[in-house]
Amino acid sequence: MKSSEILNSVTTIPKVGRSTEELLKRLNIFTIADILHFYPRDYDDRTRKVSLFECLSAAKSGSQAKAHTIAQITEHSWFGYGTMKTLKLTVTDGSAQAELVAFNRPWLEKSLRDGMIIALDGIFSIKYNSLQSSQFEAVKISEGGRLADFVTHPIPNSRVIPIYRQTEGLSSRQISAFIERAIAQYAIGIDDEVPPEIAQKRSLMTKQDALKKIHLPETLQDAMDARRTLIYEELFLFQKEIAHLALMHKGKIPKVNEETGLTEIDEQKKYSDEEFQKTLSPRQLELLGRLPFSPTDDQKSVITQMNIDIDRNYSAAGKSGGRPFSMRALLQGDVGSGKTLVSFFAALRVIDYGGQCALMAPTELLARQHAENAAKTLGSLNVKVAFLTGNINAKGRKPLLSSLAQGDIDIVIGTHALFSKSVVYKDLALVIIDEQHRFGVVQRAAILQKGRDSADATLREPNLLMMSATPIPQTLALTVFGDLDVLTIKTMPNGRKPIRTFLTREGNERNAYEAVRGELRAGHQAYFVYPAIESGEFSEDDKKGMKSAEEMYEFLRTQIYPEFKVGLVHGKVDEDETARILDDFRKNEIQVLVATTVVEVGVDVPNATCIVIEQADCFGLAGLHQLRGRVGRGDAQSYCFLIYRKDITENGIARMKVLYETTDGFKIAEEDLKLRGPGEITGTAQSGELSFKIADPSRDREIMIQARMDAFACVEKEVGIQNQK
């Protein structure tokens, strides 16, 4: 039986009753499987004797030190008064003297008496010129005697002690005791989940041994070896699932690079202009001829790979006995790298086959921007573009849905409305999801199901292209997106200059305002971004000193830039009014745009060269990078001013430092992963996709690459055996 299948209640463990069961539930422990997989967060190594003198030497350098020794109590004393009265024990182990401060433990006066010989464990530091500990354990060895007679006496608890996450009413020691009983009762008969030949190749323990030694290690090395085995197993099983998903939509198991862990498609090839043009369909060729510039090498590479996959999707459709194939790609590229243009090329490919495309964006503002861009770019190619959101009235909605169902619309662009119940497609062959991290797994699945339910879909799976302007760290590319082809645009269009970023402490913002004034006088435009619409959004604790978009709009309009036109947009401004204001900003009829994060995506004004983000430490790293990307979209030098609060946190300092040091979205993404974790970045926090018990894909990257290679090879072997049968 697999350890994950032991679903007996924890109450089957001796001495675990109903009250203890309720305490364990706080730690998400309900079954035997849960408690076996509740791994120690650390270990206390008591296998070596550590004298008080060794502690004293270490503590003199300013660090804390652990003692594990036999000592004698030489004196009792008290300090403080009333309820603050505290017991202090003076002890010696013959090498040095120390003080044990028993905060809130007055009963120790009776159980630890003068002259008693004890086994002492504690964390010591220098306080008031004495070696002192308030975190100690003392176990009686003898009521008295000569300390010298106990020098060779074995110290109780001289072992590696696991330390577990605790909850009120349940100590680490109690949890350890429950786990020890669970292992004794259930560990025999637990099956290995890694094939024996792989376990031998990777020098792994059996699952039984790994569980025993991670919870009950004889040495720290035992614990580390067990941990490596369990990390490998968890990543191996995860990557097997990824391999099966890849098989489902690729029809084969892709080869994995043994150095990077990426598949062969992720390692993009370069194509010459001639090679690139040969891969293009009629409408794609026509679009290429109309562009006022040449696509970058990365854009050509990505478009070619998508063409290969979409062609294979159509050629595989309907073939009996063959596995379905569909493009499943994550297109990542920095702000302004040209991902939208690449997605339009993909849309034209399926349109030339007679299929439809749906482009889904998280906000109406971004969807409208895409729709306007598509109409301008694709309209002359005999491509019918439609815009669909939840705000379209019934009068306009009914004929649009009818045209979509009949196949008269080639590409529909909108928000969540694209997968609402009333929307039916004739042949949805390609789904494009922009800002993919803002959509959950269920939402992605819903729009893909619309493609499967299309009238002309036959046996073909809809193709999927997810786009991210915040590059995905390689760690996540191998886990959450491990079944996808990761297509990357690193090169930026010619003529773009790196944005210069300045950090300004609150109180000195006038310097930034004046720098912006110089750009405005030169004919350029600027954004001012704030964390909230109005002061009422702040809590009472936060209100002091916080700035809102509405208040700062009045201040900037009347006090700072009265000679320029200032506009305001935020989430409470009507959609039509927002569109009008943004259009005026694009035309330079508004020079200063005050906003919240509604301008984070979907606003492209090449003449805007400055962005001022006030109280920037209130924003996340990815959001700040996206906001900074609103400028630098033309040929002129652009600037970003990050104004941070006086009481900035350490995390806030780290974010400001990253943005100041680099404009490389790939580096920023790695730092964002460290600061935030994967759930929020990927939009999978609610799906549980990364709920590893012991593995950490960032920390265990080398093991993950090994597990990925082995898992993909294992699934390929299993498929080969099935095909032979």
Show your reasoning for whether side chain to side chain donor-acceptor pair (under 3.5 Å) applies to Asn373 and Gln369.
CA-CA 6 Å; Asn373 198 354; Gln369 174 79 19; over 6 Å; no
Check the pair Lys300 / Asp273 against side-chain contact (heavy atoms from CB on, under 4.5 Å), numbers first and verdict last.
CA-CA 8 Å; Lys300 289 187 288 188; Asp273 286 339; 2.5 Å; yes
Starting from the C-alpha separation in whole Å, work towards a yes-or-no answer on side-chain contact (heavy atoms from CB on, under 4.5 Å) for Leu341 and Phe345.
CA-CA 7 Å; Leu341 178 64; Phe345 270 91; 4.0 Å; yes
Stepwise salt bridge (charged side-chain N to carboxylate O under 4.0 Å, His left out) check, Asp604 with Arg633:
CA-CA 7 Å; Asp604 186 358; Arg633 306 179 81 85; 2.9 Å; yes
Full working for salt bridge (charged side-chain N to carboxylate O under 4.0 Å, His left out) between Arg368 and Glu372:
CA-CA 6 Å; Arg368 188 185 296 273; Glu372 291 172 356; 5.2 Å; no
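- Taking the centre and axis of the six-membered ring of Phe325, the NZ or CZ atom of Arg312 falls inside the cone set by 45° and 6.0 Å.
- To the nearest 0.5 angstrom, Leu568 atom CG is 13.5 Å from Phe528 atom CZ.
- If you check the side chains of Thr415 and Glu364, you find no donor sitting under 3.5 Å from an acceptor.
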Run the side-chain contact (heavy atoms from CB on, under 4.5 Å) check on Arg628 and Leu624 step by step: do they pass?
CA-CA 6 Å; Arg628 179 167 60 180; Leu624 288 169; over 6 Å; no
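- The shortest distance between side-chain heavy atoms of Lys565 and Val592 does not fall below 4.5 Å.
- Taking every heavy atom of both residues into account, Ser422 and Arg397 meet most closely at OG-NH2, 3.8 Å.
- Taking the six-membered ring where the residue is Trp, the centroids of Tyr553 and Tyr530 are separated by 6.0 Å or more.
- Arg283 and Ile351 make their closest contact through NH1-CG2, 3.8 Å (heavy atoms, listed as atom of the first residue, atom of the second, distance).
- For the pair Val412 and Gln356, the minimum side-chain heavy-atom distance is 4.5 Å or more.
- Counting only distance, with no hydrogens or angles, the side chain of Ser403 and the backbone of Pro399 share a donor-acceptor pair below 3.5 Å.
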Could you walk me through whether Glu534 and Lys572 pass salt bridge (charged side-chain N to carboxylate O under 4.0 Å, His left out), step by step?
CA-CA 10 Å; Glu534 52 193 13; Lys572 293 183 180 179; 3.1 Å; yes
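- Here the shortest heavy-atom pairing between Thr279 and Asn307 reads O-ND2, 3.3 Å.
- For the side-chain contact (heavy atoms from CB on, under 4.5 Å) with Leu642, the qualifying choice from Leu627, Ile613, Val612 is Ile613, the only one to do so.
- By the 4.5 Å heavy-atom criterion applied to side chains, Leu582 and Leu365 are counted as neighbours.
- Residues Val431 and Leu465 are not in side-chain contact: their nearest non-hydrogen atoms beyond the backbone lie 4.5 Å or more apart.
- Side-chain contact between Leu366 and Pro362 is present, with heavy atoms from C-beta onward closer than 4.5 Å.
- Scanning all heavy atoms of the two residues, the minimum distance from Ala429 to Gly355 falls at CB-CA, 4.3 Å.
- Salt-bridge formation is detected for the pair Glu461/Arg328: a Lys NZ or Arg NE/NH1/NH2 atom is positioned less than 4.0 Å from an Asp or Glu carboxylate oxygen.
- A side-chain contact (heavy atoms from CB on, under 4.5 Å) with Val569 holds for exactly one of Thr596, Val598, Ile590; it is Val598.
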Stepwise side-chain contact (heavy atoms from CB on, under 4.5 Å) test for Met467 and Ser343
CA-CA 9 Å; Met467 299 196 294; Ser343 72; 3.8 Å; yes
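- Once rounded to the nearest 0.5 Å, the distance linking CE of Met360 with NZ of Lys450 reads 12.0 Å.
- Closest heavy-atom contact between Gly571 and Ile533: N-CD1, 4.0 Å.
- The distance from the SG atom of Cys357 to the CZ atom of Phe344 is 9.0 Å, given to the nearest 0.5 Å.
- Not a single donor-acceptor pair under 3.5 Å links the side chain of Glu600 to the backbone N or O of Gly623.
- Remark: aromatic rings of Tyr314 and Tyr353 are close, center separation under 6.0 Å.
- Leu404 has its side chain out of reach of Lys426: every pair of non-hydrogen atoms, C-beta onward, lies at least 4.5 Å apart.
- Proximity of Thr609 to Gln525: side-chain heavy atoms (C-beta onward) are nowhere separated by under 4.5 Å.
- Residues Val383 and Leu378 share a closest heavy-atom pair of CB-O, 3.5 Å.
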Worked verdict on Arg580 versus Asp576 for salt bridge (charged side-chain N to carboxylate O under 4.0 Å, His left out):
CA-CA 6 Å; Arg580 185 193 65 76; Asp576 291 336; over 6 Å; no
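- Within the 3.5 Å criterion, the main-chain N or O of Lys384 finds a donor-acceptor partner in the side chain of Asp410.
- Atom CG of Leu659 is separated from atom NZ of Lys667 by 13.0 Å, given to the nearest 0.5 angstrom.
- Put simply, CD on Gln626 and CG on Leu621 are 11.0 Å apart, with the number rounded to the nearest 0.5 Å.
- The closest side-chain heavy-atom distance from Phe619 to Pro531 is below 4.5 Å.
- Taken to the nearest 0.5 Å, the CG atom of Leu331 stands 13.0 Å off from the CD1 atom of Ile433.
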